[in-house]
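Comments concern the structure below.
Just the heavy atoms: all of them, side chains too, but no hydrogens, waters or symmetry mates, feed the values below. Atoms within each ligand, like the ligands themselves, are counted from 1 in listed order.
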Amino acid sequence: MTIETVDYTTKIPNNVNLAEDRQVLRALESWHPGYIDWWRDMGPEGFQEALVYLRTAVSVDPKGWAKFDYVKMPDYRWGILLAPKEEGRKIPFGTHYGDPVWQDVPGECRAMLRRLVVIQGDTEPASVEQQRHLGKTAPSLYDMRNVFQVNVEEGRHLWAMVYILQKYFGRDGREEAAELLQRRSGDADKPRMLGAFNEETPDWLSFHMFTFFTDRDGKMQLESLAQSGFDPLSRTCRFMLTEEAHHMFVGETGVGRTIQRTCEAMREAGVADPGDVDKVRNLGVIDLPTIQKKLNLHYSLSLDLFGSEVSTNAANTFTAGLKGRFQETKIEDDHRLESASYPVLKLVDGAIKRVEEPALTAINMRLRDDYTADCQRGLDRWNKIIERTGVGFKLELPHVGFHREIGEFKDTKVSPDGKIIDEAAWNRDQGRWLPSKDDGDFIGSLMRRVVEPGQFAGWIAPPRVGIDNKPGDFEYVKLAA
Ligand SMILES: [Fe+2]
Ligand SMILES: [Fe+2]
């Protein structure tokens with residue numbers, strides 16, 4: 001495909017009047033071939049020619065923003081869509097609280113804002129890179145379609161951030177847009193910017209945990225950016241959240257179906273003790289203690305994405321009106337946080353205590369608490385699945401100090417139940433808390449591709465309903481001959 005043969009005004013679905021925005025259109029045109037190269041190199045491996053039943057965002061109308069059809073992924077129409085402008089919208093927090101929102105980048109915030117956009121943008125292609133091998137071991141065509149859907153939408157989220165960079169940040173923005181295509185997840189020289197996005201996604205349970213926990217961090221970040229006083233960013237993020245909801249659905253139901261299959265298999269075989277790992281694994285399903293370990297890993301990696309509990313950076317972006325709190329407009333306070341405090345978990349004289357800190361510097365902590373509450377609601381639903389089958393087991397979120405690399409607990413060993421322990425105890429017990437190589441090998445041994453429509457691998461239950469209300473035996477992916 002060459003630039004000349006592509007009509008970009010129709011190629012890129014958009015509601016930003018791209019046809020008349022010559023400069024941005026030109027910038028996107030010169031970025032597009034590099035993006036396609038990146039997608040072919042780093043997108044789903046071995047499935048570029050497959051026909052995938054995907055939804056494409058074609059407008060922002062809540063009743064009909066998506067269109068479902070078969071498409072080859074490299075031909076996916078990555079669009080630029082911003083949620084509708086809210087007339088009279090005011091900056092909802094910070095020093096400029098109550099002023100009209102900005103349609104352009106305020107000069108003094110330029111660097112700070114660019115960094116926020118680049119960090120968000122960097123996570124989007126990173127997850128596509130992490131998930132590129134999964135198609136080969138998909139437990140069904142339904143699941144295969146789901147990972148591809150998540151992938152193309154993360155690709156679109158990259159476009160969304162690149163549009164902001166190219167439209168509002170001139171030459172710096174174009175350079176950043178180019179670099180977003182150069183970094184690679186897990187690369188020694190040019191890694192992605194955030195830790196969790198350089199980890200491997202070796203199997204489907206990891207993928208489902210990732211979309212549950214790490215995409216949910218993405219949701220929290222997008223929710224806070226959707227509050228931004230810089231209106232184009234707010235509108236972009238608001239629309240991205242519509243798609244993000246499906247990613248978390250994929251994660252929550254993916255883990256839920258895995259749990260369900262395990263419990264059913266145990267019941268059918270009369271295995272009552274969830275801790276009898278060998279017996280459960282012999283049934284060809286993933287034992288619940290291993291699911292708990294995977295959960296511990298992905299939750300703790302995702303907590304690191306919130307940054308330090310106490311952060312002047314977070315205070316600055318809040319004060320500047322660039323990044324707010326979760327559901328800022330629903331919070332009842334002064335939205336400037338001049339004198340408020342917020343309880344922060346800290347290490348005090350060798351013990352974990354809640355300490356009141358200025359709410360302004362505790363913005364990250366607050367967002368992380370909101371995140372934890374959101375995760376817990378998902379766990380409650382998973383535990384209901386276990387309960388209904390009569391198996392005696394309960395999944396729990398580990399303590400926020402467990403297995404951390406960033407923030408207050410990074411130099412302390414904390415057990416999942418929140419006790420400070422020494423190095424020796426950590427080394428002795430971490431195999432009970434985090435997935436071991438053996439656990440990974442076992443899960444890996446179950447990862448075999450199933451491609452008959454309506455069939456599912458033995459370790460995961462079928463979904464209750466199909467995508468776009470399709471019947472159970474619908475052919476979600478037509479593999480290339
Ligand atoms: Fe995303
Ligand atoms: Fe996502």
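Ring-centre distance between Phe197 and Phe210: below the 6.0 Å cut-off. Ring pair Trp159/His32: centre-to-centre distance below 6.0 Å. Between Tyr35 and Trp78, the distance separating the two ring centers is shorter than 6.0 angstrom. Taking the six-membered ring for Trp and the full ring otherwise, the centers of Trp102 and Tyr168 sit at least 6.0 Å from each other.
Protein atoms that are N, O or S and lie under 2.8 Å from the Fe ion (ligand 1) are these: Glu124 OE1, Glu154 OE1, His157 ND1.
The closest side-chain donor-acceptor pair between Tyr163 and Asn14, if any, does not fall under 3.5 angstrom. A donor atom on one side chain and an acceptor atom on the other are found under 3.5 Å apart for Glu154 and His247.
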